[in-house]
Participant: 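Quick one: this structure, given as structure tokens, is what I'll be asking you about.
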Amino acid sequence: MSILLTGGNGYIGSHVAVALGLAGRKIVILDNGSNSSINTISKIETINRAHVPYVFGDIRDMKLITKTLREHDVTAVIHLAGLKSVAESIEKPLDYYTNNVEGTISLLKAMNSQGIRNLVFSSSATVYGTPRQLPLDETHPTSATNPYGRTKIQSEEILADLARAQPEWRIACLRYFNPVGAHQSGTIGESPKGIPNNLMPIITQVALGQKSQLDIFGTDYPTPDGTGIRDYIHVMDLAEGHAAALQFLESHAGWHAFNLGTGKGHTVLELLESFEKASGISIPRKISPRRPGDVAKCYANVDKANRTLGWAANRSLHEMCSSTWNFCLNFPRTTTCTSPH
Ligand code: NAD
Ligand code: UD1
């Protein structure tokens with residue numbers, strides 16, 4: 001009996017693989033390598049001290065998915081595979097709808113054909129659009145301002161329809177807030193192949209001298225220091241949330257959404273200060289205009305996940321920054337903190 005991790009070679013997937021290993025679960029990873037390295041598998045194996053079967057392939061390849069589900073005796077799927085850049089999704093919407101929405105449908109069809117109906121889906125806080133009230137709880141209306149966000153809303157809606165039509169489905173949509181940090185071993189971490197858009201990978205580029213400065217997008221937001229507030233969550237806390245969700249699904253049918261965050265917001269300057277302390281490096285910065293599409297504040301109400309999943313994020317902002325830096329120091333040669341491809 002195995003858990004299939006689509007996109008399990010990626011940033012979050014590799015940490016989920018480790019968390020599941022620790023929880024004593026057998027896993028199989030399927031990934032097309034579009035944003036990850038094959039080398040990650042051996043790192044996961046070293047941490048887990050177990051062989052991790054790897055299938056190189058695409059979630060849109062229904063035949064391959066069906067074969068994988070059958071051959072590895074899969075009982076549940078954690079579906080992380082997807083494209084995740086907002087900017088790229090605006091330029092190439094069809095790539096995003098094909099990969100993220102069509103890919104999800106193919107996976108669901110393959111699962112249905114094999115009678116496997118347990119699914120944890122990687123969703124995002126982006127489904128809340130511009131917050132109407134804070135903290136954001138799971139009843140907040142969904143909306144999207146870009147194709148990436150729409151692929152997450154559409155996938156969630158498809159999953160909800162499926163659970164309504166076939167009550168044997170057990171589905172948890174995990175709405176991630178802002179994952180940062182790395183495993184304590186420093187061997188797996190965030191390894192985007194292209195140009196990063198998110199704050200932490202950009203800070204590390206500057207720290208490593210690969211970028212001259214950090215642009216701070218806006219200092220006139222209605223926040224204590226004028227910079228944007230986000231709910232940064234340690235990727236290992238996030239990963240452990242997946243193990244908790246799988247356990248929850250063992251006794252709960254239907255469609256469920258959960259926020260995975262800390263419930264606390266931090267400004268850009270707070271994160272910067274914490275990173276500087278953790279790394280001992282000062283980060284040159286420049287005040288820049290607001291980034292289009294950004295909201296002032298975004299943080300979660302995590303009561304539902306705390307109560308229902310028996311899960312809570314407890315690693316500190318300092319641990320998020322120090323583990324990120326530890327990973328970067330292990331792999332400083334490449335363009336971002338990338339383990340060698
Ligand atoms: P990532 O790019 O590091 O990992 C995604 C993995 O999926 C990669 O290894 C990639 O090669 C693989 N992949 C992509 N398309 C595929 C396909 N068609 N078939 C097979 N494999 C495919 O990204 P991540 O940060 O680990 O994100 C994982 C999931 O979580 C994504 O669905 C993303 O949208 C979601 N999410 C991420 C964040 C974040 O800030 N990192 C926030 C919210 C939600
Ligand atoms: C972004 C995406 C969101 C996605 C999330 C996680 C946009 C508009 N939103 O959100 O859809 O779900 O990533 O992948 O892209 N910042 C800087 N300078 C930088 C980069 C960021 O000041 O160079 C600031 C931003 O203005 C924001 C904070 O840092 O206040 C966090 O930014 P980021 O890491 O991109 O995450 P989100 O804005 O939450």
Side-chain angles (χ1 to χ4, degrees), residues 5-16 29-38 40 55-61 64-65 78-90 95-96 98-100 102-104 106-107 121-129 144-146 148-149 151-152 155 174-180 188-194 196-203 205-206 211 213-219 221 223 227-233 235 238-239 260-261 265-269 271-272 285-299:
L5 270 58
T6 72
N9 256 7
Y11 172 44
I12 296 168
S14 54
H15 291 82
V16 172
I29 286 177
L30 181 139
D31 199 299
N32 69 0
S34 59
N35 197 33
S36 54
S37 157
I38 179 107
T40 304
V55 179
F56 176 78
D58 198 289
I59 48 166
R60 289 162 288 180
D61 184 345
L64 178 70
I65 304 285
I78 301 185
H79 177 31
L80 303 117
L83 300 175
K84 62 167 184 178
S85 159
V86 169
E88 190 183 52
S89 79
I90 293 167
D95 287 1
Y96 274 68
T98 309
N99 202 78
N100 293 6
E102 224 177 283
T104 299
S106 288
L107 173 69
F121 174 64
S122 291
S123 189
S124 167
T126 196
V127 300
Y128 295 121
T145 51
N146 56 70
Y148 167 69
T151 67
K152 291 295 175 192
S155 299
L174 303 183
R175 295 173 175 168
Y176 308 157
F177 278 67
N178 290 63
V180 293
I188 54 171
E190 189 161 15
S191 309
K193 273 188 174 168
N197 300 304
N198 293 122
L199 180 58
M200 188 62 109
I202 295 174
I203 291 178
Q205 279 193 320
V206 178
K211 194 173 157 61
Q213 62 189 12
L214 172 77
D215 289 308
I216 297 184
F217 294 144
T219 52
Y221 285 111
T223 63
T227 64
I229 286 182
R230 295 293 183 275
D231 187 339
Y232 299 99
I233 173 170
V235 67
L238 188 84
L260 294 190
H266 290 285
T267 66
V268 174
L269 293 182
L271 185 73
L272 254 185
R285 78 244 359 226
K286 183 176 128 234
I287 310 265
S288 298
R290 291 182 179 193
R291 180 173 62 179
D294 269 358
V295 299
K297 304 178 205 175
C298 177
Y299 52 95

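Read the numbers this way: they start at 1 and go in the same order the structure lists the ligands and their atoms.
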Participant: Number the atoms of ligand 2 from 1 as they appear, then name those within less than 4.0 Å of a heavy atom of Val86, with their elements.
Facilitator: 2 (C), 3 (C), 7 (C), 9 (N), 11 (O), 15 (O)
Participant: Tell me yes or no: between the side chains of Asp31 and Ser36, is some donor less than 3.5 Å from an acceptor?
Facilitator: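 The answer is yes; a qualifying pair exists.
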Participant: Can an N or O of Tyr148 be found at a distance shorter than 3.5 Å from an N or O of ligand 2?
Facilitator: no
Participant: What atoms in ligand 2 come closer than 4.0 Å to a heavy atom of Gly228?
Facilitator: 30 (O)
Participant: When you measure from the heavy atoms of Gly103 to every atom of ligand 1, does any distance fall below 4.0 Å?
Facilitator: no
Participant: Give me the nearest non-hydrogen protein atom to atom 24 (C) of ligand 2 as residue plus atom name, then the distance to 0.1 Å.
Facilitator: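 Among all protein heavy atoms, the one nearest atom 24 (C) of ligand 2 is Val268 CG2, 3.7 Å.
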Participant: Which of the numbered atoms in ligand 2 are under 4.0 angstrom from any heavy atom belonging to Asp294?
Facilitator: 8 (C), 25 (C), 26 (O), 38 (O)
Participant: Closest by any non-hydrogen atom to atom 38 (C) of ligand 1: pick that one out of Leu5, Leu199, Ile12, Asn32.
Facilitator: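 Shortest heavy-atom distance from atom 38 (C) of ligand 1: Ile12.
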Participant: Measure the distance from atom 19 (C) of ligand 2 to every protein heavy atom, then report the residue, atom name and distance (to 0.1 Å) of the closest one.
Facilitator: Phe217 CE1, 3.2 Å
Participant: What atoms in ligand 1 come closer than 4.0 Å to a heavy atom of Gly57?
Facilitator: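 Within the 4.0 Å cut-off of Gly57, ligand 1 contributes 19 (N), 20 (C).
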Participant: Is it the case that the side chain of Thr6 and the backbone of Ala81 share a donor-acceptor pair, with hydrogens and angles ignored and the cut-off at 3.5 Å?
Facilitator: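 Between the backbone of Ala81 and the side chain of Thr6 there is a qualifying donor-acceptor contact (under 3.5 Å).
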Participant: If you measure from atom 18 (N) of ligand 1 to every heavy atom of Leu80, Asn99, Val127, which option wins on shortest distance?
Facilitator: Asn99
Participant: Could you list which atoms of ligand 2 come closer than 4.0 Å to a heavy atom of Asn178?
Facilitator: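 The atoms of ligand 2 under 4.0 Å from a heavy atom of Asn178 are 36 (O), 37 (P), 39 (O).
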Participant: Any heavy atom of Arg230 closer to ligand 2 than 4.0 angstrom?
Facilitator: yes
Participant: Hydrogens and angles aside, do His79 and Thr104 bring a side-chain donor and acceptor to less than 3.5 Å of each other?
Facilitator: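 Note: His79 and Thr104 side chains meet the donor-acceptor criterion.
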Participant: Any atom of ligand 1 sitting under 4.0 Å from a heavy atom of Ser14?
Facilitator: no
Participant: Just jot down the ligand 2 atoms closer than 4.0 angstrom to any heavy atom of Ser124, in number order.
Facilitator: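 Close to Ser124: 12 (O).
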Participant: Under a 3.5 Å cutoff, is there a donor and acceptor pairing between the side chains of Glu88 and Tyr148?
Facilitator: no
Participant: Going by the atom numbers of ligand 1, which of them fall below 4.0 Å from some non-hydrogen atom of Asp58?
Facilitator: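 Once the distances to Asp58 are compared, the set is 17 (C), 18 (N), 19 (N), 20 (C).
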Participant: Looking only at the aromatic ring of each residue, does the gap between the centers of Tyr232 and His266 stay below 6.0 angstrom?
Facilitator: no
Participant: Compute the minimum heavy-atom distance from Lys152 to ligand 1 and say whether it is under 4.0 Å.
Facilitator: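 Flag set, Lys152 near ligand 1.
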Participant: Among Tyr232, Phe56, Phe121, Tyr148, whose heavy atom sits nearest atom 33 (C) of ligand 1?
Facilitator: Tyr148
Participant: Given that the side chain starts at C-beta and the backbone is N, CA, C, O, which of these parts of Ile202 lies under 4.0 Å from ligand 2, counting heavy atoms, or is it both or neither?
Facilitator: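 Only the side chain of Ile202 comes within reach of ligand 2.
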Participant: Examine ligand 1 and decide if any of its atoms is less than 4.0 Å from a heavy atom belonging to Asp31.
Facilitator: yes
Participant: Rounded to the nearest 0.5 Å, what separates atom OG in Ser124 from atom CZ in Phe177?
Facilitator: 8.0 Å
Participant: Ignoring hydrogens and geometry, is there a side-chain-to-backbone donor-acceptor pair from Tyr96 to Ser85 under 3.5 Å?
Facilitator: yes
Participant: Should Ile216 be counted as touching ligand 2, given the test is an N or O pair under 3.5 Å?
Facilitator: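 Between Ile216 and ligand 2, no N or O pair is found under 3.5 Å apart.
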Participant: For the side chain of Ser123 and the backbone of Arg175, is there at least one donor-acceptor N/O pair under 3.5 Å apart?
Facilitator: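 It does not hold such a pair.
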Participant: Looking only at protein heavy atoms, identify the closest one to atom 34 (O) of ligand 2 and say how far it is in Å.
Facilitator: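 Looking at atom 34 (O) of ligand 2, the protein heavy atom closest to it is Leu199 N, 2.8 Å.
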Participant: Does some non-hydrogen atom of Tyr232 fall short of 4.0 Å from ligand 2?
Facilitator: yes
Participant: Is Ser155 reaching over with its side chain to a backbone N or O of Lys152, donor-acceptor style, under 3.5 angstrom?
Facilitator: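 No; judged by distance alone, with no hydrogens or angles, the pair does not exist.
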Participant: Considering only heavy atoms of Gly7, which atoms of ligand 1 have at least one such atom less than 4.0 Å away?
Facilitator: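 Near Gly7, the atoms of ligand 1 are 6 (C), 7 (O), 12 (C).
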Participant: Under 4.0 Å from a heavy atom of Asp215: give me the atoms of ligand 2 that qualify, with their elements.
Facilitator: 17 (C), 18 (N), 19 (C), 22 (O), 23 (O)
Participant: What are the atoms of ligand 2, with element, lying closer than 4.0 Å to any heavy atom of Thr126?
Facilitator: 11 (O), 12 (O)
Participant: So is Arg230 actually on top of Tyr299's ring, under 6.0 Å and inside 45° of the axis?
Facilitator: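 No - Arg230 does not lie over the ring of Tyr299 by the 6.0 Å and 45° rule.
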Participant: Counting only nitrogen or oxygen atoms and a 3.5 angstrom limit, does Arg291 reach ligand 2?
Facilitator: yes
Participant: Students should be able to answer this: which protein heavy-atom is nearest to atom 33 (P) of ligand 2, and at what distance?
Facilitator: Asn198 ND2, 3.4 Å
Participant: What atoms of ligand 1 come within less than 4.0 Å of a heavy atom belonging to Ser123?
Facilitator: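 Matching atoms, with element in brackets: 43 (C), 44 (C).
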Participant: Can a donor-acceptor pair be found, under 3.5 Å and without considering hydrogens, that links the side chain of Asn35 to the backbone of Gly10?
Facilitator: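 Side chain of Asn35 to backbone of Gly10, a donor-acceptor pair under 3.5 Å: no, none is there.
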Participant: Considering only heavy atoms, does Asn197 approach ligand 2 within less than 4.0 Å through its side chain, its backbone, both, or neither?
Facilitator: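 For Asn197, only backbone atoms sit under 4.0 Å from ligand 2.
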Participant: Heavy atom under 4.0 Å from ligand 2: found in Thr227's side chain, backbone, both, or neither?
Facilitator: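 The answer is neither.
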